[in-house]
Novice: 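Pasting in a structure now, in C-alpha cells, and then I'll have a few things to ask.
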Amino acid sequence: MKKSLTTMMVAALMSSAFAGTNTTDSYVVSQQPDFKRLSGAVHVGVGTAYTLHGYVPTTAAVQGEGVGMGAIQLGYDFGKEGFWSYAGAISYKAPFSGHTLYGNPQTLTRAGFAAHSNGAVPPPVNNSWEHLNQTIPGATATAEQEYEGAYQAKKNTPMGAKNIENEFILRNSVKYTRKYWNASVGHDYIHGGIAGVVAKHFDHQKDSKMQQVFGTFEVTPVAWFSADIQAARTFDTVEGWWFEAHARLKAPIIGTPEDIKVAGIFEYGMSWCANFYESSHNACSNGTQAFWLKLSTPWFVNEEKSFILTPSVSWNWLGKGGMKANEKSHAKAYGNKYVPFRNFAVVGDITATYKF
C-alpha cells in the first residue's frame with residue numbers, strides 16, 4: 001500500500017495528539033484510493049516535560065521529569081471527495097512524580113532564617129547552630145536540633161506550590177479540506193493540568209477545568225512544507241485568548257515520498273496569549289509564552305503504514321509567562337532578591353501510534 005508524502009506526514013503528526021495543542025485535530029482521513037469513511041488511531045507515549053499550548057516549563061518551574069500520555073482519535077469523512085470531515089479525540093496525561101507549580105524547596109539560608117525571625121532564633125556561627133551547645137550552660141544537642149529542624153521545615157515548605165493534576169482533554173472538531181489548505185473549528189473540554197491548577201488552587205475557582213473554542217487554518221502549498229495558525233478562546237474558570245503558530249519542513253529520510261519508511265519533520269513554533277494567566281498569585285504573565293524548534297523522525301514500521309514510532313526532541317525558549325513562573329520558583333523566602341532562573345529546556349518524547 002503506497003500513500004503520498006503529505007498523507008504520511010499528517011499521520012506522523014497525529015502522534016502529538018495528547019499534547020493538548022492544535023495538532024490534536026491534525027488527523028486527516030486519507031484521500032487516496034484506499035478511502036475509509038471511518039478511521040482512527042491510538043497513541044501511547046512518554047515525555048520529559050509537561051506541555052500546555054506550547055508553554056513548556058523547565059524543571060525549575062515544574063519539578064519532576066516524567067509524564068505518561070495516551071490518546072484515542074476518531075475521524076469520519078462525510079464524503080468520498082474528502083472536503084468535510086469530523087475529528088474527535090480523548091487524551092490523558094499523567095505526571096509520574098514530583099510535579100509542582102512554582103518549585104520546591106525554597107532557597108533559604110540559615111542566616112536568612114535567623115535574620116527574619118525577630119530575634120527568636122540566634123544567628124548561626126559558620127552556618128551552624130552547634131555553638132549553642134557550648135554557650136548555653138548544660139545545653140545538649142536539643143537546642144541545635146530544634147533550630148535546625150525549624151530551619152529545614154521552613155526551607156522545605158513549597159512556595160505556594162501545588163501538585164499539577166492529571167490532564168484530561170476531550171476534543172471535537174469539523175474540518176474543511178481543499179487541495180492546498182484546510183480550515184477547522186472545534187471545542188475542547190480540559191480538566192486538570194497547569195490550567196486546572198491555576199484555576200482551582202491559585203485563582204480560587206470552584207473547578208479544576210476550562211473549556212475553549214478554536215479555529216485553525218493550515219496551508220500545504222508543497223508536499224515538503226506546511227504552516228498553520230490557531231486562535232482559541234478559553235472560558236469556564238480560566239478566560240482569555242490563545243494563539244499558536246507552526247511551520248514544518250518534511251522530507252523522507254529512508255524510502256521515497258511514495259513509499260516512505262522513516263520521515264523527518266522539522267518544526268518551528270510559538271505561542272502567545274492575552275487575558276489568560278494574569279491572576280492573583282502573580283506567577284504568570286500574558287504575552288509570548290514559548291518559542292521552540294522540534295525534530296521528529298516518525299518510523300513507519302509495517303508495510304501498511306498503520307504502526308508508527310515517533311521519537312522527538314525539541315529546544316524550548318520560554319516567553320514572559322514561563323520566565324515569570326521560573327522567577328517565582330527561585331524566589332528567596334525573604335527579601336526581594338532573586339537568584340538566576342532558567343528560560344531554556346530540552347524536551348524529549350517517544351510515542352507509538354496504531355492507525356485503524
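Below, each value reflects all heavy atoms present in this structure, side chains not excepted, and no hydrogens, waters or symmetry copies. Nothing here was measured: the structure is a model prediction, and the numbers come from that model.
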Novice: Examine the side chains of Asp228 and His246 and answer whether a donor and an acceptor come within less than 3.5 Å of each other.
Specialist: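 Asp228 vs His246: donor-acceptor pair found between side chains.
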
Novice: Looking at every non-hydrogen atom in both residues, tell me the closest pair between Ile265 and Pro298 and how far apart they are.
Specialist: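 Nearest heavy atoms, Ile265 then Pro298: CD1-CG, 4.2 Å.
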
Novice: Could you report the tightest heavy-atom contact between Ala114 and Pro123, atom names first, then the distance?
Specialist: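 Closest approach of Ala114 to Pro123: CB-CA, 3.9 Å.
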
Novice: When clusters are formed by joining ILVMFWY residues with side-chain heavy atoms under 4.5 Å apart, either directly or through shared neighbours, do Tyr180 and Trp224 land in the same one?
Specialist: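 No.
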
Novice: Which heavy-atom pair separates Ala232 from Phe214 by the least distance, and what is that distance?
Specialist: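 For Ala232 versus Phe214, the nearest heavy atoms are CB-CB, 3.9 Å.
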
Novice: Assess whether a salt bridge exists between Lys261 and Glu303, defined as any Lys/Arg side-chain N lying under 4.0 Å from an Asp/Glu carboxylate O.
Specialist: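 Looking at Glu303 together with Lys261, the answer is yes, because their closest N to O distance falls below 4.0 Å.
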
Novice: Would you call Tyr189 and Lys209 a side-chain contact if the rule is heavy atoms closer than 4.5 Å?
Specialist: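 The answer is yes; the side chains approach within 4.5 Å.
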
Novice: Output all residues satisfying side chain to side chain contact (heavy atoms under 4.5 Å, CB included) with Phe307, sequence neighbours left out; order by chain, then residue number.
Specialist: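 Phe307: side chain to side chain contact (heavy atoms under 4.5 Å, CB included) contacts with Val301, Asn302, Leu309, Ala352.
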
Novice: In terms of side-chain geometry, is the basic nitrogen of Asp188 or Arg171 positioned less than 4.0 Å from the acidic oxygen of its partner?
Specialist: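 Salt bridge between Asp188 and Arg171, a charged N being under 4.0 Å from a carboxylate O: yes.
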
Novice: Does the ring center of Trp84 lie less than 6.0 Å from the ring center of Tyr176?
Specialist: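 Yes, the ring of Trp84 comes within the 6.0 Å limit of the ring of Tyr176, centre to centre.
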
Novice: Any link between Leu295 and Leu293 through a network of hydrophobic side chains (Ile, Leu, Val, Met, Phe, Trp, Tyr) touching at under 4.5 Å?
Specialist: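 In one cluster: yes.
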
Novice: Does Ser173 reach the main-chain N or O of Val185 with its side chain, forming a donor-acceptor pair under 3.5 Å?
Specialist: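 Not at all, since once roles are kept as given, no pair shorter than 3.5 Å links the two residues.
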
Novice: Evaluate the side chain to side chain contact (heavy atoms under 4.5 Å, CB included) criterion for residues Ser306 and Tyr354: first the C-alpha distance (whole Å), next the side-chain angles of each, then the deciding distance (0.1 Å), finally the verdict.
Specialist: CA-CA 6 Å; Ser306 60; Tyr354 177 72; 4.0 Å; yes

Novice: When you check the side-chain N and O atoms of Trp242 and Gln230, is any donor under 3.5 Å from an acceptor?
Specialist: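 There is no such pair (donor and acceptor under 3.5 Å, judged by atom type) between the side chains of Trp242 and Gln230.
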
Novice: State, yes or no, whether a side-chain contact exists between Glu267 and Trp292 at a heavy-atom distance under 4.5 Å.
Specialist: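 They are in side-chain contact.
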
Novice: Grab the two heavy atoms, one from Lys294 and one from Ser312, that are nearest each other, plus how far apart they are.
Specialist: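 Result for this residue pair: CE-CB, 3.6 Å.
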
Novice: Looking only at atom types and distance, does a side-chain atom of Arg37 sit under 3.5 Å from a main-chain N or O of Phe78, one as donor and one as acceptor?
Specialist: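 Yes, because the side chain of Arg37 sits within donor-acceptor range (under 3.5 Å) of the backbone of Phe78.
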
Novice: Quick one: OG on Ser314 to CG on Asp349, what's the gap to the nearest 0.5 Å?
Specialist: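 Rounded to the nearest 0.5 Å, the OG-CG separation comes to 7.0 Å.
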
Novice: Report yes if some heavy atom in the side chain of Asn166 is under 4.5 Å from a heavy atom in the side chain of Pro95; otherwise report no.
Specialist: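 Yes, side chains in contact.
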
Novice: Grouping I, L, V, M, F, W and Y whenever their side-chain heavy atoms are under 4.5 Å apart, do Phe300 and Ile253 come out in a common cluster?
Specialist: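 Shared cluster, no.
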
Novice: Can Arg248 be said to sit on top of Phe266's aromatic six-ring, NZ or CZ under 6.0 Å from centre and within 45° of the ring axis?
Specialist: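 That pair does not qualify as a cation-pi contact.
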
Novice: Run the salt-bridge test on Glu148 and Arg110 with the 4.0 Å N-O cut-off and return the result as yes or no.
Specialist: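 Here Glu148 pairs with Arg110 in a salt bridge, since their nearest N and O are under 4.0 Å apart.
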
Novice: Students often mix this up, so state it plainly: with edges at 30° and 60°, are the rings of Phe243 and Trp241 parallel, tilted or perpendicular?
Specialist: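 If you compare the ring of Phe243 with that of Trp241, the planes turn out parallel.
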
Novice: Do His191 and Glu167 get their side chains close enough for a donor-acceptor pair, meaning under 3.5 Å?
Specialist: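 Note: His191 and Glu167 side chains miss the donor-acceptor criterion.
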
Novice: So does Asp77 pair up with Lys175, basic N to acidic O under 4.0 Å?
Specialist: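 Not counted as a salt bridge, because no side-chain N and carboxylate O are separated by less than 4.0 Å.
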
Novice: Side chains of His43 and Thr353: do they bring a donor and an acceptor to under 3.5 Å?
Specialist: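 On atom types as modelled, these side chains qualify, holding a pair under 3.5 Å.
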
Novice: Within a reach of under 6.0 Å around CH2 of Trp181, are more than 12 heavy atoms found that belong to other residues, nucleotides or ligands?
Specialist: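 Yes.
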
Novice: Find the distance between CD (Gln212) and NE2 (His187) and round it off to the nearest 0.5 Å.
Specialist: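 Output value for this atom pair is 8.5 Å.
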
Novice: Can you check whether Thr297 reaches Trp299 side chain to side chain, under 4.5 Å on heavy atoms?
Specialist: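 No - every pair of side-chain heavy atoms lies 4.5 Å or more apart.
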
Novice: Looking only at side-chain N and O atoms, does Ser226 offer a donor or acceptor that is under 3.5 Å from a partner on Thr220?
Specialist: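 No, no side-chain donor-acceptor pair sits under 3.5 Å.
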
Novice: Answer yes if Trp317 and Trp272 sit in the same cluster of Ile, Leu, Val, Met, Phe, Trp and Tyr residues linked by side chain heavy atoms under 4.5 Å apart, and no otherwise.
Specialist: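 Yes.
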
Novice: Side chains of Met69 and Val44: closer than 4.5 Å at any heavy-atom pair?
Specialist: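 Side-chain contact under 4.5 Å: no.
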
Novice: Between the side chain of Ser271 and the main-chain N/O of Glu244, is any donor-acceptor distance below 3.5 Å?
Specialist: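 No: the side chain of Ser271 does not pair with the backbone of Glu244.
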
Novice: Does any part of the side chain of Val67, heavy atoms only, come nearer than 4.5 Å to the side chain of Thr48, both counted from C-beta?
Specialist: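 Not touching, per the 4.5 Å side-chain cut-off.
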
Novice: Quick one: are Phe235 and Val213 in side-chain contact, heavy atoms under 4.5 Å?
Specialist: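 Contact flag for Phe235/Val213 side chains = yes.
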
Novice: In sequence, state the C-alpha distance, the side-chain angles, and the governing distance for Phe168 and Ile90, and then conclude on side chain to side chain contact (heavy atoms under 4.5 Å, CB included).
Specialist: CA-CA 8 Å; Phe168 170 85; Ile90 299 174; 3.5 Å; yes

Novice: Treat each ILVMFWY residue as a node, draw an edge where side-chain heavy atoms are under 4.5 Å apart, and state whether Ile254 and Leu249 are in one component.
Specialist: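 The answer is no; the residues belong to distinct hydrophobic clusters.
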
Novice: Got Val262 and Ile260 here, is their nearest side-chain heavy-atom distance under 4.5 Å?
Specialist: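 No; the side chains remain at least 4.5 Å from each other.
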
